[in-house]
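In what follows, a structure is listed as structure tokens, so that the remarks can point back to it.
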Amino acid sequence: MRCRKCGGKAVINMPQHRLALCKEHYLAWLPEQTERFIKKYRMFTRAEKVLVAVSGGKDSLSLWDILHRLGYQADGLYIALGIDGGVNYSAESQRLTEKFAAERGLTLHVVDVRAETGKTIPEWAEATWRGREKPCAVCGLVKRHEMNRIARDLGYDVLATGHNLDDEAAVLFGNTLAWAGEYLLRQGPVLEERGGLARKVKPLCRFYEREMAAYALLRGIEYIYEECPFSAGATSLYYKELLNRLENDRPGTKLAFYLNFLEARRAGLFAERSEVQQALHPCPGCGQPTSAPGLCSYCRMIEKGRDSQV
Ligand code: Q46
Ligand code: ZN
Ligand code: ZN
């Protein structure tokens with residue numbers, strides 16, 4: 001397989017684009033494409049301050065690397081969840097994230113959930129009804145809350161996450177199976193700022209997971225290979241497997257599924273749902289916007305889990 005640009009040895013073949021590239025041209029192509037998507041979906045400009053949520057994994061660190069190379073004002077936010085799982089997951093991912101930032105002279109904010117709230121994520125999960133199965137519901141709630149809080153308190157215009165096409169297609173697949181209109185309406189490369197919630201963007205949403213892995217590897221980014229120990233058995237992983245089988249037989253299916261969805265949404269397929277978007281008001285506990293009557297779900301979780309002993 002030859003690189004389409006220089007005829008050299010290709011390191012990656014992307015059948016859905018009918019494109020094979022060598023290392024040098026791939027490392028240039030991916031940031032160029034990212035720049036194209038940032039502009040196409042009007043994610044942010046070079047005048048805006050971007051907060052990148054980094055987990056220590058290949059996607060978020062690559063995203064930070066790319067935004068930095070493209071000359072955007074991108075700082076990092078690492079949320080220390082306190083997850084061990086026998087592989088020292090949180091400690092190791094924090095170490096790699098801090099190393100990444102230090103080597104490039106980038107600004108990294110670290111929020112330690114235990115220092116902030118008195119308990120780690122698994123302890124919060126244990127202490128509340130939400131934790132009966134897995135801590136993921138609690139974890140998602142805390143991560144969203146902290147990301148918004150830091151973005152607001154430190155004056156960031158936009159929050160960027162490293163979700164790739166495989167992540168987005170799996171979520172879309174789940175929401176489509178359930179015809180979850182409200183979620184379908186909100187899924188996309190950009191979630192506009194509303195009622196005090198920072199704008200959220202996903203600049204990598206059109207890249208396959210294997211393309212991101214190839215980028216991190218070829219760029220020499222050191223990232224944590226282990227997934228969070230609680231991700232095993234997640235429904236989203238099952239959907240990813242199913243979509244990979246489709247993709248194997250019919251290359252491009254995943255990308256078409258996602259892009260055709262965006263097009264249908266743009267054309268107004270889910271528009272009538274927009275009226276049911278609930279109004280937001282500030283939570284009396286933490287001041288962040290919520291649609292719940294009274295306390296937001298984060299504050300209700302804290303209230304519920306505060307007194308229980310772990
Ligand atoms: S939600 Fe669940 Fe993730 Fe939190 S506990 Fe781990 S798997 S990190 S994306
Ligand atoms: Zn080349
Ligand atoms: Zn609250």
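Just follow the structure's listing: the first ligand is 1, and inside any ligand the first atom is 1. Fair warning: this is a prediction, and the values are worked out from it, not measured in the lab.
In this structure, a donor-acceptor pair under 3.5 Å is present between the side chains of Y41 and R206.
Within the protein, the N, O or S atoms lying under 2.8 Å from atom 4 (Fe) of ligand 1 are C139 SG.
Within 6.0 Å of CZ in R104 there are more than 12 heavy atoms belonging to other residues, nucleotides or ligands.
Note on M1 and M14: separate hydrophobic clusters, where clusters join Ile, Leu, Val, Met, Phe, Trp and Tyr whose side-chain heavy atoms are under 4.5 Å apart, directly or indirectly. Cluster annotation: L217 is not connected to Y208 through the hydrophobic network of ILVMFWY side chains, with a link wherever side-chain heavy atoms come within less than 4.5 Å.
Taking the six-membered ring for Trp and the full ring otherwise, the centers of F37 and F207 sit less than 6.0 Å from each other.
R219 contributes no side-chain N or O that, together with a main-chain N or O of I66, makes up a donor-acceptor pair within less than 3.5 Å.
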